[in-house]
Amino acid sequence: MPKNRDKSTPAVSQHSDKKTDVSRPATPVPVVLALGFVGLLVALVATGMLTLDALGLVGLPGCGVDQGCGDATSSVFGKLPLGGERSWPVSFLGFAYFTTMAVGLLLHRRSVTLTFKGIAVLGALGSIFYMAVMALNWGDYFCKFCLASHIGNMIFVGAMVFTRTSKAGPKTARTLGVVAGTFVLSTVVLIGVQAWAGDRIEKTADIKGEQDAQQIIEDAKRRAAQQNGTAVTPEPSPNVTSTDPDPAPAIGEQHGSLPRAAYRTDDLGFTGRYRLGPKEAKIRLVVYSSFGCPSCIILEDEIMEILEAREDVSYSHKHFPLDKACNPTISRTIHPKSCEAAQICEAVGELYGPVAFWRFHHAFFEKLRVQEKFTGVSLLDELGYPGRQTVLHAKDDPTVQRLVRQDVDEATALGLRMTPTIFINGVEFRAWNVRGSLTRRVDQIASQIQPSTPELDQPAGAFEKYVEDYTSQRRRLPSMGEDLNVSYLGEEDAPIDMQVFFGYETDNLAEQLWALHDLLAKYPEAVRMTVRHYAWSEDCNFFSERNRSNNSCEMHSALEAAAIMGGNEAFQRAYQWLLENIGTFDVAMLPDLAGEIGVDPAEFQRVMDANETQTATLMDAEWLHKQKMRAAMPIIFINKRRVERYVFQGNRIDVLEAIVRRELGLEE
C-alpha cells in the first residue's frame with residue numbers, strides 16, 4: 001500500500017497542475033498589441049487607396065499628373081523593376097505585405113514569434129528608406145497617403161517590439177504557412193486585377209489608334225488627290241531610299257551606330273531641325289519631348305525599333321521642356337534643368353552636326369532609364385565631348401536659346417501641354433502609351449499611302465485641338481447622381497447638359513462666369529447649365545488642397561440654401577446676385593441676399609448651416625475627386641465629357657461655343 005501511495009501522489013499532483021493551467025483565464029489582448037493592429041490597419045487602408053489609384057479605379061487628391069503623390073508613385077522609387085519594361089508598383093507590394101501582416105497578427109493574437117518580429121523590422125527599414133526619400137524630395141514627392149502608410153507601419157513595428165515573444169512550435173509553422181499563403185494570394189489577385197486594368201487600357205488605346213490611323217490615311221489620300229487633280233486610291237509602293245547626301249561623321253563616330261542616317265534639315269513644312277531617315281517617306285514621325293520625361297523612354301524605344309525595321313520612316317525631334325526656365329506656358333517646373341539639356345543638345349548639333357545631336361539625344365534618355373536625377377552638363381562630361389567649355393558657351397548663345405524657344409512657341413500654338421506628343425504625317429497620334437500600338441498603326445498606314453515630304457504636313461492649331469480633345473473622348477463620365485435640390489440655369493429639357501464646377505475665390509472667376517452667362521444667353525433653349533460646388537476651404541470641403549477664403553463656404557452654402565428654400569427660381573436669383581457681387585461678397589451681406597430671394601434672414605442662415613445643405617455642397621467635390629479631376633476651376637463638362645481647355649487667346653467662349661454647335665449639329 002505505501003508503494004501505491006508513493007506512486008499515486010506524484011500522479012495526482014501532476015494532474016492537479018495540468019488542471020490548474022487549463023482553468024487559468026485567457027490573457028486579454030494587450031493594449032500595445034491593439035495599438036499595433038490599428039497602425040497596421042492605417043497602413044493597409046493607405047496602401048489600398050494607392051493601389052486602387054495605380055489601377056485607375058479611383059482618383060486620390062494630390063495623386064494626379066504634376067502633383068506630389070503622382071510624381072512619387074511614377075518615379076523610380078515608386079516602382080520595382082522586373083526586367084525589361086516591366087515593373088511592379090511599390091503600393092502593390094505594400095498592400096500585399098500589410099495584408100499578410102494583418103492576417104499574421106490575427107493568428108498570433110496574444111504573442112508573436114521572433115520570426116514575425118524580424119519580418120516586421122525589415123518592413124520598418126523599408127518605411128524608413130521611403131520616408132527619407134520623401135524628406136529629401138519634399139517639394140516633389142510629398143504624398144500624404146504614402147506618409148500615412150509608413151507612419152502606420154512604424155506604429156505597428158513599435159508595438160511588435162514591446163509585444164511578448166512566443167516560442168516557435170508546430171503551430172508557429174502552420175501560422176507562417178498561412179502568412180506566406182496570404183502574401184502569395186494577395187500578389188496573385190493584384191496581378192490579375194492589373195492584367196484586367198491593362199487590358200482595358202489597351203482596348204481604349206486600340207480604339208484611339210484606329211481613329212487616328214484612319215484620319216492620317218484620309219488626309220494622305222486627300223492631299224494626293226489635290227496634287228494630282230483627281231481622286232485616286234494610292235497603291236502600296238516599295239520602300240523609298242533617301243536622296244539626301246550622306247551626313248558627315250561627328251566626334252569620331254560614324255552614323256552607322258544610329259538606326260537610320262542622320263540629317264540637318266531646313267525643310268519647309270512640319271519637321272524638326274534634325275531628322276533620322278529620308279526626307280521623302282511614307283511615315284514622318286515628329287515628337288515633342290522634354291529631357292527628363294520618363295514616359296518619353298517608352299516612345300523612344302519603340303520608334304528606334306520601327307526605324308531599324310523599316311526604311312520608309314523618318315523621325316525628327318522637337319523640344320518642349322517642362323521647365324519654366326524657357327517654357328512660360330506651364331504652371332510649374334516638372335523636369336528641372338530640361339531647358340538647359342535642350343540648349344546643350346542644340347549647341348552640340350550646331351557645333352558638331354546631326355550625328356552628335358542624336359548621340360546626345362539618345363544618351364540622355366538611356367541615362368534617364370537608370371538614373372532619375374542628372375543634368376545635361378554632367379552627361380556632356382560623361383560622353384567626353386571635346387571642347388566642353390565651347391559647348392557650354394554655345395548653349396548660352398541667344399541663337400541656340402532661340403531655337404529651343406521656337407519649338408516651345410510652336411508647341412504652344414498647337415495646343416500642347418504635356419510630353420511626349422507624337423505626330424504622324426502632321427496628325428497627332430494619341431495611343432502611343434501602349435507598347436506596340438504605334439508599330440501596328442505605322443504598318444497599317446504605310447500599307448495604304450504613298451511616300452511624301454513634310455511640306456504638306458500641317459497639324460491642327462490649338463483651337464482645333466481643344467475642340468478635338470473634347471470630341472475624341474469615348475468615355476462618358478458616370479452620372480453625378482440625383483441632385484438634392486434643383487439648381488440650374490437655362491431650360492430644363494435643353495439638349496446640351498453643361499455641368500460647371502466652380503469655387504469662390506477662383507482667379508478671374510467673375511470673368512469666366514460672365515462668359516458662361518453670355519453663352520447661355522446666345523443659346524437660351526439649347527443649353528442647360530447646372531452649377532456644382534467646389535469650395536476653396538477645408539472648413540466645408542476636406543478635398544480642397546488650399547484654403548483661400550472662409551467666404552467660400554458661405555457662398556456655396558447660400559446658393560444651395562436658396563435652392564432648398566425657393567426652388568430653381570430662388571436659386572437663379574441668388575446666383576445672379578452673387579455673380580454681380582463677386583469680389584465684394586462678405587458674410588455681412590447675407591441678409592441682403594435673403595431679401596433678394598424673399599426669405600427670412602434668420603431662417604436662411606439656419607438652412608445654410610443645416611446638414612442637408614453641407615452634404616449637398618460636399619457631394620459635388622467628392623464626385624469630382626473620384627473622377628481624378630484636378631481642382632483647376634471652373635471645370636466644365638458638356639454632355640458628360642470634360643472640356644479640358646476652353647480659354648483660347650484670352651477668349652472664354654469661342655471653344656465652348658464651337659463644342660455646343662458641334663453637339664447641336666450646326667457646324668458649317
Side-chain angles (χ1 to χ4, degrees), residues 64-68 70-71 74 137 139-140 270 272-273 286-296 316-347 349-350 361 364 368 373 375-377 392 394-423 428 459-469 505-509 511-512 515 545-546 548 630-636 643-655:
V65 179
D66 305 345
Q67 295 177 307
D71 290 347
S74 62
N137 301 273
D140 297 325
F270 186 57
R273 284 177 294 280
V286 177
V287 177
Y288 287 86
S289 60
S290 171
F291 286 123
C293 159
S295 298
C296 297
S316 61
H317 162 84
K318 290 176 178 282
H319 301 290
F320 191 64
L322 301 184
D323 180 357
K324 288 186 72 65
C326 65
N327 186 352
T329 67
I330 58 176
S331 58
R332 73 179 184 92
T333 293
I334 301 171
H335 303 146
K337 301 288 187 180
S338 58
C339 284
E340 178 186 74
Q343 291 159 1
I344 289 176
C345 190
E346 287 294 331
E350 290 289 316
H361 172 93
F364 198 99
L368 185 64
K373 291 191 175 182
T375 65
V377 175
L392 295 181
K395 86 170 178 63
D396 294 328
D397 187 276
T399 301
V400 169
Q401 294 186 352
R402 195 178 303 117
L403 293 175
V404 176
R405 185 58 187 267
Q406 177 181 314
D407 285 352
V408 171
D409 291 344
E410 183 182 54
T412 303
L414 296 176
L416 274 59
R417 57 176 177 170
M418 293 300 296
T419 58
T421 300
I422 179 172
F423 293 85
E428 183 181 354
F463 185 91
E464 292 80 4
K465 179 173 173 55
Y466 292 177
V467 177
E468 183 58 31
D469 284 347
E505 292 291 318
T506 299
D507 294 335
N508 301 317
L509 177 63
E511 185 179 351
Q512 297 186 62
E545 296 177 357
R546 318 178 249 182
R548 289 196 169 186
R630 294 189 61 190
M633 301 294 156
I635 291 179
I636 299 176
V643 184
E644 293 280 355
R645 289 176 290 174
Y646 50 86
V647 179
F648 178 71
Q649 296 181 349
N651 189 293
R652 290 176 165 80
I653 190 172
D654 285 354
V655 172

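The first residue in the sequence is number 1, and the count goes up from there.
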Ignoring hydrogens, what is the shortest heavy-atom contact between [X] and [Y]? Give both atom names and the distance.
{"X": "V400", "Y": "A394", "result": "CG2-O, 3.3 Å"}
{"X": "C296", "Y": "S290", "result": "SG-N, 4.1 Å"}
{"X": "C326", "Y": "Q343", "result": "CB-NE2, 4.4 Å"}
{"X": "L368", "Y": "C293", "result": "CD2-O, 3.5 Å"}
{"X": "Y466", "Y": "G415", "result": "CE2-CA, 4.1 Å"}
{"X": "D323", "Y": "I330", "result": "N-CD1, 3.2 Å"}

Distance check, rounded to the nearest 0.5 Å: [X] atom [atom1] versus [Y] atom [atom2]?
{"X": "L392", "Y": "E340", "atom1": "CG", "atom2": "CD", "answer": "8.0 Å"}
{"X": "D407", "Y": "E410", "atom1": "CG", "atom2": "CD", "answer": "6.5 Å"}
{"X": "L416", "Y": "K318", "atom1": "CG", "atom2": "NZ", "answer": "11.0 Å"}

Do [X] and [Y] have side chains that approach each other closer than 4.5 Å (heavy atoms only, starting at C-beta)?
{"X": "D397", "Y": "E350", "answer": "no"}
{"X": "Q401", "Y": "D396", "answer": "yes"}
{"X": "P398", "Y": "R405", "answer": "no"}
{"X": "L322", "Y": "M418", "answer": "yes"}
{"X": "R645", "Y": "R417", "answer": "yes"}
{"X": "F648", "Y": "V467", "answer": "no"}
{"X": "L414", "Y": "F423", "answer": "yes"}
{"X": "F463", "Y": "V655", "answer": "yes"}

Point to revise | Atom NZ of K337: over 12 foreign heavy atoms under 6.0 Å | key: no

When you measure from the side chain of [X] to the backbone N and O of [Y], does any donor-acceptor pair fall under 3.5 Å?
{"X": "S338", "Y": "P321", "result": "no"}
{"X": "S289", "Y": "P420", "result": "no"}
{"X": "R273", "Y": "E346", "result": "no"}

Practice item. Given side chain to side chain contact (heavy atoms under 4.5 Å, CB included), test F320 with T329 step by step and report yes or no. Key: CA-CA 10 Å; F320 191 64; T329 67; 3.9 Å; yes

Practice item. Look at the aromatic rings of F291 and H317 and report parallel, tilted or perpendicular, splitting at 30° and 60°. Key: tilted

